[in-house]
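Take this structure, written in structure tokens, and hold onto it; I'll ask about it next.
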Amino acid sequence: MKIIITEKPSVARDLAKVFGATTKRDGYIEGKGYSFTWAFGHLLQLAPPQEYGYIGWKVKNLPMLPQKLKLSVRKIRTNEGMIEDPSVRKQLNTIKALFDIATEIIVATDAGREGELIFRYIYHYLHCQKPFRRLWISSQTDAAIKDGFRNLKPGKDYDTLFYSAHCRSESDWLVGMNATQALSISAGSKTVLSLGRVQTPTLAMICARYLENKNFIPQTYFQVIISLQKDGQNFKAVSKKNYYKREEAEEVLNAVKSVADGFATGGDISKVETKTKKEQPPLLHDLSSLQQEANKKKGYTADETLAILQRLYEEKLITYPRTGSQYIGDDVFETIPQLIEKQQQHPFFSKQAIVLANNKLNKRSVNAKKVTDHHAILPTGEPARNLSPDKQVLYDMIIGRMLEAFHEVCVKDLTKITIESGSTFIANGTVIRSAGWRAVYNEPEENDQDQPENNTIPKVSEGESLAIIEKSIAEKQTKPKPLYTEASLLKAMETAGKEIEDEELRYAMKGSGLGTPATRASIIETLIKRSYITRKKKNLLPSETGLAVYDIVKDKLIAQAELTGQWEKRLEEIRSGASVKAFKEEIKQYTRKITEELLIAGKELELLLEDQG
DNA sequence: GCAAGGTC
């Protein structure tokens with residue numbers, strides 16, 4: 001019996017179907033000499049400190065540096081505290097029984113670092129010794145699966161990938177557990193003050209933005225606005241300069257030769273520039289972009305969106321949602337015309353679905369090289385009837401984005417007119433020549449409010465003089481960067497590291513950022529659970545505790561996105577063959593250092609937390 | 001009581 005193990009049940013079902021295996025057993029599917037079993041994510045986790053004899057949270061235990069970290073079965077929280085998850089234990093027993101009778105093991109967990117770790121942890125925990133081969137595919141179409149099985153790789157080809165995954169896992173444990181205990185103990189052990197490679201830089205971003213916003217001193221400035229007329233059509237122009245004194249603006253205003261001042265045509269057109277701009281459609285959705293859209297448009301939290309998507313996925317209405325790729329491969333692209341055709345009955349999108357059916361599809365979102373473990377989120381094409389309102393909203397966002405992504409470019413004429421009337425004024429106009437993908441939602445763009453755009457601008461030419469029928473002064477204020485919302489925080493986590501100065505570290509974080517698509521929502525929830533941050537309307541605000549923790553760690557490496565960059569660089573080196581030993585030693589050193597620092601620094605928090613009661 | 005990672 002050949003045993004295939006996947007990361008999650010849905011993949012096992014897809015593989016079994018291709019092989020024609022149809023007998024459903026408890027925890028696996030059987031047929032044609034194969035058994036397809038599965039994990040559900042990580043079944044095993046690094047054992048908590050008490051399993052090494054570090055009982056209670058005590059300074060004498062710190063830093064906790066066990067000789068060897070152990071694995072233990074995933075736990076769930078119950079009224080009696082943390083217990084082994086019985087469904088996980090049961091599935092491990094199923095996997096063990098299958099491994100015991102296996103003539104061959106084929107590893108089909110997701111094609112990535114964590115997928116490798118999910119299998120290796122199971123394999124080691126079960127003390128399995130049998131050789132295994134690796135399936136490495138990034139789409140679940142029949143063709144991709146068949147091709148993948150014809151090209152199974154020796155398991156050992158992925159040993160270094162496992163080493164890098166293992167280092168990631170152990171390093172997060174060592175730094176996170178020790179830093180958390182050190183800070184919590186030295187602050188008086190009244191509450192859990194957690195710290196970690198991902199959560200602490202995330203907290204730092206929220207706090208830094210909050211303080212920047214709070215301490216921002218707005219500056220008043222003035223613009224002079226004129227209204228011109230041509231052939232009975234009005235449009236606005238704004239002074240080229242901003243003025244910081246009202247008197248200056250008034251001088252400029254007074255110099256404007258308006259009709260009221262006795263000038264029938266006091267606005268001289270000195271320049272007309274028109275250029276055509278092609279605007280590509282947005283890419284297909286990945287989890288993060290969808291969470292951002294759902295937060296902006298509907299106020300859903302990242303966590304809520306993920307939960308709703310999981311239900312849509314379990315009902316087989318959408319493809320795998322926890323993806324970090326906004327692309328699909330050519331094999332999936334072949335199925336797109338049918339998926340679009342199915343939307344021709346859609347109450348809102350039918351018209352554009354019909355338009356698309358008759359158009360050549362835009363292939364901007366088609367790039368097999370940019371498909372990582374999973375491709376972009378798509379509908380499966382299964383009929384979606386009677387969805388709850390929440391599900392309908394997200395399902396429609398996925399459909400809408402699919403239609404946009406395969407649509408034609410939007411073509412616009414951008415016109416910039418320069419007008420002289422005492423001083424220089426600028427009018428900007430945008431005319432959409434061909435809406436392309438923008439026809440899907442048909443929503444106006446968000447404009448830069450400093451430069452009002454005229455949706456239509458009459459045809460004018462250089463040398464013409466137009467009537468100025470109105471003039472006024474607009475008083476404005478400079479604005480701080482806005483507080484983070486979940487949408488902007490997700491974006492910031494994704495792109496964290498883009499500003500890192502060291503080129504190598506910046507490169508190492510490219511395409512990863514802080515956390516992963518699957519974990520960002522839970523990182524935000526952790527910060528809320530610790531009372532580090534609160535939600536206020538759409539904004540995320542730091543609490544007193546959050547700010548106090550930030551103040552203690554803000555200059556330390558643990559609060560910087562660079563830490564992830566440094567690790568990613570080393571982990572990639574390990575994946576390509578570098579020694580694990582040196583990195584592990586550095587992590588130990590860093591653990592000792594940060595633990596020692598926090599045991600001292602946390603004392604500053606003790607009084608503050610007492611004050612809060 | 002604690003990390004970050006995965007998923008029902």
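Below, read A as the first sequence line, B as the second, and so on, with proteins coming before strands; counting in each chain starts at 1.
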Selection from B/dA4, B/dC2, B/dG5 that lies nearest to any side-chain heavy atom of A/His42: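 Ranking B/dA4, B/dC2, B/dG5 by closest atom to the A/His42 side chain puts B/dG5 first.
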A/Gln310 and A/Glu314 side chains, donor-acceptor separation under 3.5 Å: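 Yes, because at least one side-chain N or O of A/Glu314 sits under 3.5 Å from a partner of the opposite role on A/Gln310.
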Sugar-phosphate, base or nothing in reach of A/Arg113, heavy atoms under 4.0 Å: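 No contact at all - A/Arg113 keeps every heavy atom at 4.0 Å or more from the nucleic acid.
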Those residues that, when tested against A/Phe132, pass ring pair (Phe, Tyr, Trp, His ring centres under 6.0 Å) (two or more places apart): A/Phe119, A/Tyr123
A/Leu62 CG to B/dC2 C1', straight-line distance once rounded to whole Å: 11 Å
Between P of B/dA3 and CD of A/Glu51, the distance in whole Å: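 Rounded to whole Å, this separation is 16 Å.
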Listed partners of A/His374 passing ring pair (Phe, Tyr, Trp, His ring centres under 6.0 Å), at least two apart: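 With neighbours one apart ignored, the set is A/Tyr320.
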Atom-pair distance (CD on A/Gln199; C1' on B/dC2), nearest Å: 9 Å
Phosphate OP1/OP2 of B/dC2: any A/Arg197 side-chain N/O under 4.0 Å: no
Distance, rounded to the nearest Å, where A/Ile95 contributes CD1 and B/dT7 contributes C1': 13 Å
Sugar-phosphate only, base, or nothing, as touched by A/Val198 at under 4.0 Å among non-hydrogen atoms: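 Sugar-phosphate: the residue A/Val198, judged by heavy atoms under 4.0 Å, touches backbone atoms but no base.
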Per A/Thr519 side chain, nearest of listed nucleotides B/dT7, B/dG5, B/dC2: B/dG5
Any A/Arg530 side-chain N or O less than 4.0 Å from OP1/OP2 of B/dC2: yes
Contact nearer the 5' end of DNA chain B, comparing A/Lys190 with A/Glu314: A/Lys190
Pairing of A/Arg89 and A/Glu84 as salt bridge, 4.0 angstrom limit: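 Salt bridge: yes.
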Contact list for DNA chain B against residues 283-294 of chain A - heavy-atom distance below 4.0 Å: none
Steps toward side-chain hydrogen bond (donor to acceptor under 3.5 Å, both in side chains) verdict (A/Glu494, A/Gln292): CA-CA 11 Å; A/Glu494 250 188 299; A/Gln292 289 170 49; 3.1 Å; yes
Sugar-phosphate, base or nothing in reach of A/Arg311, heavy atoms under 4.0 Å: nothing
Heavy-atom closest pair, residues A/Leu490 and A/Ala302: CD1-CB, 3.9 Å
Which atom of A/Phe36 lies closest to which atom of A/Ala21, heavy atoms considered: CE1-CB, 3.6 Å
Closest-nucleotide 5' rank along DNA chain B - winner of A/Pro48 and A/Gln310: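 Whichever sits nearer the 5' end wins; that is A/Pro48.
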Parallel, tilted or perpendicular: rings of A/His42 and A/Tyr121 (30°, 60°): tilted
OP1 or OP2 of B/dG5 under 4.0 Å from side-chain N/O of A/Gln45: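 False: A/Gln45 side-chain N/O out of range (4.0 Å or more) of B/dG5 OP1/OP2.
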Results of ring pair (Phe, Tyr, Trp, His ring centres under 6.0 Å) for A/Trp136 - residues two or more places apart only: A/Tyr158
Donor/acceptor link under 3.5 angstrom from A/Gln50 side chain onto base of B/dC2: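 By the distance-only test, yes, there is a pair.
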A/Val393 to A/Lys298 - nearest heavy-atom pair and separation: CG1-CG, 3.8 Å
Within residues 581-593 of chain A, residues whose heavy atoms come under 4.0 Å of DNA chain B: none
N/O (side chain, A/Ser194) to phosphate O (OP1/OP2, B/dA3) under 4.0 Å: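 For A/Ser194, the contact criterion (side-chain N or O under 4.0 Å from OP1 or OP2 of B/dA3) is met.
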A/Leu183 CG to B/dA3 P, straight-line distance once rounded to whole Å: 12 Å
Beyond-backbone contact of A/Val192 with A/Arg530, side-chain heavy atoms, under 4.5 angstrom: yes
Check ion pair A/Glu596-A/Arg592 (N to O, under 4.0 angstrom):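 No.
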Non-hydrogen side-chain atoms of A/Thr485 and A/Asn295 separated by less than 4.5 Å: yes
Contacting residues from residues 165-181 of chain A, given that a heavy atom lies under 4.0 angstrom of DNA chain B: A/Arg168, A/Ser169, A/Asp172, A/Trp173, A/Gly176, A/Met177, A/Thr180, A/Gln181
Which nucleotide in B/dG1, B/dA3, B/dG5 has an atom nearest any side-chain atom of A/Trp57: B/dG1
Euclidean distance, atom CG of residue A/Asp110 to atom P of B/dT7 [Å, nearest integer]: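 After rounding, the gap between these two atoms is 6 Å.
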Length of the line joining A/Trp567:CH2 and B/dA3:P, which is rounded to integer Å: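 About 13 Å, once rounded to whole Å.
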Sugar-phosphate only, base, or nothing, as touched by A/Arg520 at under 4.0 Å among non-hydrogen atoms: nothing
Whole angstrom value for the distance that separates P of B/dC2 from CD1 of A/Ile55: 16 Å
Sugar-phosphate, base or nothing in reach of A/Gly515, heavy atoms under 4.0 Å: sugar-phosphate
Touch class at under 4.0 angstrom, heavy-atom based, for A/Pro9 against every strand present: sugar-phosphate
